[in-house]
Amino acid sequence: MPWEPTNVENDRLEKLARLEALGIPAFPNRVERTHTTRAAVAAYEAIEADGEAAESIEVIVCGRVRRQNIKGKVAFIHVEDGEGRVQLMIRQNDVGEENYGLVKEKLIELDDFVQARGVMMRTQAGEVSVQVFELRLLAKAVSPLPVIKDRVEEDGTVTRFGTFSDVESRYRQRYADLAVNPDVRDVFRKRAGTVSAIRRFLDAEGFLEVETPILQPIYGGAAARPFVTHHNQLDQDLFLRISFELYLKRLLVGMYDAVYEIGRDFRNEGVSFKHNPEFTQVEFYKAYIDYHGVMNLTERLVAYAAEQVTGSSKITYQGQAIDLTPPWKRITLRDAIRELSGIDYVDTPDADSLGAAMRQKGIEAKPGTTWGKLIDHLLGTVVEPTLIQPTFILDYPRDISPFAKMVPGDPSHVERFEFFIAGMEMGNAFTELNDPRDQEARFVEMGRLYDAEDDEAAPLDEDYLRAMRYGMPPCGGWGMGVDRLTMLLTDQRTIRDVLLYPHMRDRE
RNA sequence: GGCUCCGUAGCUCAAUUGGCAGAGCAGUUGACUCUUAAUCAAUUGGUUGGAGGUUCGAGUCCUCCCGGAGUCACCA
């Protein structure tokens with residue numbers, strides 16, 4: 001849709017024209033900066049006691065005008081850069097009548113970027129400021145940002161007046177959200193901290209970071225519908241990956257002992273407070289450990305990330321105290337369901353009897369659902385919401401876990417765990433299946449189950465079986481939702497608030 | 001996709017039973033050389049998300065559409 005300037009924008013366009021008529025470039029090429037706002041304030045405070053010496057700190061600071069208080073012959077302007085703010089004191093005597101006029105007539109105004117040269121000082125009201133001798137416009141803001149005023153209280157806390165809170169506008173125009181909401185900027189700094197903490201931890205544990213295809217001819221490794229695209233020259237349909245699993249595990253055949261990848265997965269499913277069509281996943285595979293070893297890595301990794309990002313492995317999420325310090329609680333899926341629902345699914349070894357038992361307890365069980373999926377439903381509705389403190393749920397039904405090794409001596413369970421924090425599933429792991437005959441049988445079995453549910457089956461990946469036939473070391477594998485961990489560490493209630501650009505329907 | 005709720009000025013919000021669309025901030029004009037949500041005076045700004053309908057009269061009621069939120073379903 002073409003842009004129609006609002007009244008306020010027309011005012012600003014007019015000012016832009018007036019500036020250019022005065023020969024003042026509104027978007028100059030050259031910029032100079034000697035100090036960030038924070039560095040300028042720090043430099044002054046460090047030697048303030050020295051009296052005259054302090055008066056001699058010359059600075060050139062740059063930033064966006066965020067507050068203006070313009071009086072007859074003196075103006076106070078706060079400029080903000082990526083690190084903080086500093087006040088400019090601009091006196092007509094210091095900058096000349098003409099230049100002061102630019103400020104007084106608001107040709108340079110709220111939201112514009114400016115460069116100011118001056119010396120550091122403290123105003124009579126006590127605020128460290130730049131006494132400005134030269135003020136330049138660096139970039140004109142044609143559209144005004146939402147108006148928000150801050151009052152700094154005696155104790156240093158900031159009270160805000162005005163908000164930019166409409167979630168739709170905030171997500172669609174994240175740049176404006178970030179520009180006026182420093183706490184939102186902070187969330188995404190912590191997100192970066194979370195990712196780099198994960199990377200540091202795995203690097204230190206001897207993992208090799210790799211990158212595998214996002215465009216895949218055959219998708220797999222999870223149960224989800226894919227996005228489909230097409231390569232024109234090859235005239236070939238390709239799928240955006242739904243997981244990294246199968247490509248990463250092939251690398252253990254290739255004799256890397258431990259690999260991981262951090263990247264984007266794409267699932268063509270519904271969106272919710274914890275689902276986005278594209279989301280960030282970390283997966284690792286490590287030879288010569290089983291899922292017990294993976295649990296050990298999991299709890300150490302998550303506690304480490306929490307310490308790095310929040311300063312402690314004890315966090316607060318949505319008002320609930322959560323202790324991520326290892327070791328975490330471990331309980332089998334069977335015991336968890338039995339304790340919470342009174343149903344021992346081993347007593348009802350088929351879909352019909354389990355479904356009947358569930359309905360008897362008033363739990364929904366749709367006819368035609370497989371036994372494994374009914375158990376998964378029990379997990380999701382009865383168990384998951386209660387798992388506030390970090391918990392490993394172990395040993396899943398075989399028929400919903402096609403890549404996990406069987407529990408020795410137990411034909412119906414596999415060595416798989418999921419871990420939950422704050423009532424949310426954070427990740428999934430197995431003692432990885434490495435017997436190519438068993439793997440092939442599982443693929444075929446999955447195909448049948450999907451056929452039975454009239455669902456789209458993931459195509460059988462022959463090359464993956466070929467790789468496994470060369471011999472795959474025993475290994476543990478693991479995946480975790482990075483967005484969800486970020487939610488936890490930044491205390492955000494919805495995944496959209498940890499995604500810079502959450503998925504939105506196109507606007508006409 | 002189902003159900004419920006929401007959409008009013010650049011931002012945040014009002015508007016009684018269906019009865020003249022309003023406020024604060026910002027903007028504009030003026031005053032002010034140490035302000036701190038600066039203050040004081042005056043003032044501009046609206047296709048009430050869109051299209052229909054009911055009515056003497058619709059921001060308000062009805063239908064459809066667009067967008068968002070919540071929830072269920074689907075799904076890790």
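Everything numeric here is computed off the predicted structure, so don't read it as measured data. In what follows, every chain begins at residue 1, and chains take the letters A, B, ... in the order their sequences are listed.
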For a quick test of reading the model: is some side-chain N or O of K71(A) closer than 4.0 Å to OP1 or OP2 of U39(B)? no
For G270(A), report the nucleic acid contact type (base, sugar-phosphate, nothing); a contact means any heavy atom under 4.0 Å. base
Measure CZ/R172(A) against C1'/A69(B) and give the value in whole Å, please. 13 Å
Classify the nucleic acid contact of R505(A) as base, sugar-phosphate or nothing, counting any heavy atom under 4.0 Å across all strands shown. sugar-phosphate
Have a look at K274(A) and say if it touches a base, only the backbone sugar-phosphate, or nothing, with a 4.0 Å heavy-atom cut-off. nothing
Across the strands shown, which category fits T163(A) at heavy-atom distances under 4.0 angstrom: base, sugar-phosphate, nothing? sugar-phosphate
Rounding to an integer number of Å, can you tell me how far L374(A) CG sits from C75(B) P? 12 Å
Ignoring backbone atoms, test whether R67(A) places a side-chain nitrogen or oxygen under 4.0 Å from the OP1 or OP2 oxygen of A38(B). yes
Classify the nucleic acid contact of R416(A) as base, sugar-phosphate or nothing, counting any heavy atom under 4.0 Å across all strands shown. base
Basic-acidic side-chain contact under 4.0 Å: E432(A), K249(A): yes
Looking only at non-hydrogen atoms, find the nearest pair between M406(A) and E415(A) and report the distance. O-CG, 4.1 Å
Using a cut-off of strictly less than 4.0 Å, decide whether K149(A) has a side-chain nitrogen or oxygen near OP1 or OP2 of U36(B). no
Using only heavy-atom distances, decide whether a donor-acceptor pair under 3.5 angstrom links the side-chain of N93(A) to the base of U33(B). yes
Upstream residue (5' side of RNA chain B) when V147(A) and V271(A) are each assigned their closest nucleotide: V147(A)
For N428(A), which contact category applies under a 4.0 Å heavy-atom criterion: base, sugar-phosphate, or nothing? base
Between A125(A) and R267(A), whichever has its closest RNA chain B nucleotide further toward 5' is A125(A)
Pairs counted as Watson-Crick or G-U wobble with both distances under 3.5 Å: what dot-bracket string results for RNA chain B, using | for bases tied to another strand? (((((((..((((.....[..)))).(((((.......))))).....(((((..]....))))))))))))....
Should K366(A) be listed as having a side-chain N or O under 4.0 Å from OP1 or OP2 of A73(B)? no
Nearest-angstrom distance from the residue atom CD of E154(A) to C1' of A37(B): 15 Å
Under 4.0 Å, heavy atoms only, any strand: does L145(A) hit a base, just the sugar-phosphate, or nothing? nothing
For Q68(A) and G27(B), is the shortest distance between a side-chain N/O and OP1 or OP2 below 4.0 Å? yes
Mind checking if S165(A) touches a base, just sugar-phosphate, or nothing, with heavy atoms under 4.0 Å? sugar-phosphate
Is there a donor and acceptor pair, one atom on the side chain of E127(A) and one on the base of U36(B), closer than 3.5 Å? yes
Would a distance-only check, ignoring hydrogens and angles, find a side-chain to backbone donor-acceptor pair under 3.5 Å from E261(A) to T212(A)? yes
When rounded to whole Å, the CZ to C1' distance for the pair F279(A) and C75(B) reads 10 Å
Once you apply a heavy-atom cut-off of 4.0 Å, does Q131(A) come out as touching a base, just sugar-phosphate, or nothing? nothing
Would you indicate what D150(A) reaches in the nucleic acid, counting non-hydrogen atoms under 4.0 angstrom: base, sugar-phosphate, or nothing? sugar-phosphate
Remember a base hit wins even if backbone is also touched, and classify F164(A) as base, sugar-phosphate or nothing at under 4.0 Å, heavy atoms. sugar-phosphate
Could you tell me whether Q87(A) contacts a base, only the sugar-phosphate backbone, or nothing, with contacts defined as non-hydrogen atoms closer than 4.0 Å? base
So F284(A) and W478(A), would you call those rings parallel, tilted or perpendicular, with 30° and 60° as cut-offs? parallel
Side-chain N,O (K15(A)) to OP1/OP2 (U28(B)) below 4.0 Å: yes
Have a look at R160(A) and say if it touches a base, only the backbone sugar-phosphate, or nothing, with a 4.0 Å heavy-atom cut-off. nothing
With a 4.0 Å cut-off on heavy atoms, is R496(A) in touch with a base, just the backbone sugar-phosphate, or nothing at all? sugar-phosphate
